[in-house]
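Only heavy atoms go into these numbers, but all of them, side chains included; no hydrogens, no water, no symmetry mates.
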Amino acid sequence: QVQLQESGPGLVKPSQTLSLTCTISGGSITTPVWSWIRQPPGKGLEWIGYINYDGITGYSPSLKSRTSISRDTSKNQFTLQLSSVTPEDTAVYYCASLSMGYWGQGTQVTVSS
């Protein structure tokens, strides 16, 4: 019954900040750890980072310098911000609770001028 939905611009220009929001319905973000994962074209899934109810975050070493994850418990949402994007950041982006097995359907983000 729990559903996750990613939202945000599908096109981002190089050097700008990619910003996505995950909205959770039928559940709460107060209990599990919530993650962002992406899949570039022709590649496998890449874990970006996570956030828990206490606001503790963890990021992939390859992306942590550009990544910020936050949450709004009152809105049942958490967000991803990836700064200074390049075309290599083009991917399908997913939000998920890995511990609970909940995934969004994914949203395509293209970085292009």
Side-chain angles (χ1 to χ4, degrees):
Q1 188 172 356
V2 173
Q3 296 183 348
L4 286 68
Q5 179 67 244
E6 303 90 347
S7 62
L11 180 64
V12 184
K13 295 181 178 180
S15 81
Q16 293 186 339
T17 296
L18 182 159
S19 183
L20 297 174
T21 297
C22 182
T23 301
I24 303 162
S25 61
S28 174
I29 68 171
T30 61
T31 299
V33 175
W34 299 96
S35 299
W36 285 99
I37 301 164
R38 70 180 184 180
Q39 185 171 33
K43 298 183 178 180
L45 296 171
E46 178 185 19
W47 179 74
I48 299 171
Y50 75 86
I51 190 167
N52 69 7
Y53 175 75
D54 294 324
I56 298 174
T57 56
Y59 305 113
S60 169
S62 64
L63 298 171
K64 62 182 179 181
S65 65
R66 300 190 291 127
T67 306
S68 179
I69 298 175
S70 59
R71 83 275 192 265
D72 187 334
T73 56
S74 67
K75 295 181 178 180
N76 238 26
Q77 295 178 331
F78 66 106
T79 62
L80 168 69
Q81 291 187 306
L82 183 65
S83 65
S84 303
V85 298
T86 72
E88 287 66 45
D89 293 311
T90 294
V92 177
Y93 285 76
Y94 300 89
C95 58
S97 172
L98 298 180
S99 63
M100 300 180 67
Y102 302 141
W103 288 72
Q105 67 180 27
T107 185
Q108 172 71 45
V109 179
T110 299
V111 179
S112 176
S113 60

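Few gaps surround CD on Q108; more than 12 heavy atoms of other groups in view lie less than 6.0 Å from it.
Taking the side chain as every heavy atom from C-beta outward, L98 and V33 never approach each other to under 4.5 Å. The side-chain heavy atoms of S112 and L11, taken from C-beta on, include a pair separated by under 4.5 Å. Side-chain contact between T73 and R71 is present, with at least one heavy-atom pair separated by less than 4.5 Å. Considering only heavy atoms from C-beta on, L82 stays 4.5 Å or farther from V12 through its side chain. Residues I24 and W34 meet the side-chain proximity criterion, which asks for heavy atoms closer than 4.5 Å.
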Please lay out, stage by stage, how S19 and T17 fare under the test side-chain hydrogen bond (donor to acceptor under 3.5 Å, both in side chains).
CA-CA 6 Å; S19 183; T17 296; over 6 Å; no
_Under the criterion side-chain contact (heavy atoms from CB on, under 4.5 Å), I'd like the reasoning laid out for I51 against W36: C-alpha separation, chi angles, the key distance, then a yes or no._
CA-CA 9 Å; I51 190 167; W36 285 99; over 6 Å; no
### Message
Could you go through T21 and K75, starting from their C-alpha distance and side-chain angles, then the distance that decides it, and tell me whether this counts as side-chain contact (heavy atoms from CB on, under 4.5 Å)?
### Response
CA-CA 11 Å; T21 297; K75 295 181 178 180; over 6 Å; no
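Without hydrogens or angle criteria, Q3 side chain to G26 main chain gives no donor-acceptor distance under 3.5 Å. Within the 3.5 Å criterion, the main-chain N or O of T23 finds no donor-acceptor partner in the side chain of Q77. In this structure, N52 contributes its side chain and D54 its backbone to a donor-acceptor pair below 3.5 Å.
If you take CG on L80 and SG on C22, they are separated by 10.5 Å, rounding to the nearest 0.5 Å. Annotation: the span from W47 atom CH2 to S62 atom OG amounts to 10.0 Å, rounded to 0.5 Å. The line from CG of L4 to OG of S25 is 7.5 Å long, rounded to the nearest 0.5 Å.
Partners of Y94 according to the ring pair (Phe, Tyr, Trp, His ring centres under 6.0 Å) rule, which considers only residues two or more places apart in sequence or in another chain, are W103. Residues satisfying the side chain to side chain contact (heavy atoms under 4.5 Å, CB included) test with S65, not counting sequence neighbours, are none.
Nearest heavy atoms, Q105 versus E6: N-OE1, 3.5 Å. Shortest non-hydrogen contact noted between Y50 and I56 is CE1-O, 3.7 Å.
Screening residues 78-92 for side-chain hydrogen bond (donor to acceptor under 3.5 Å, both in side chains) gives R38-D89, R66-D89, S70-T79, T86-E88 as the qualifying pairs, with residues at least two apart or on separate chains.
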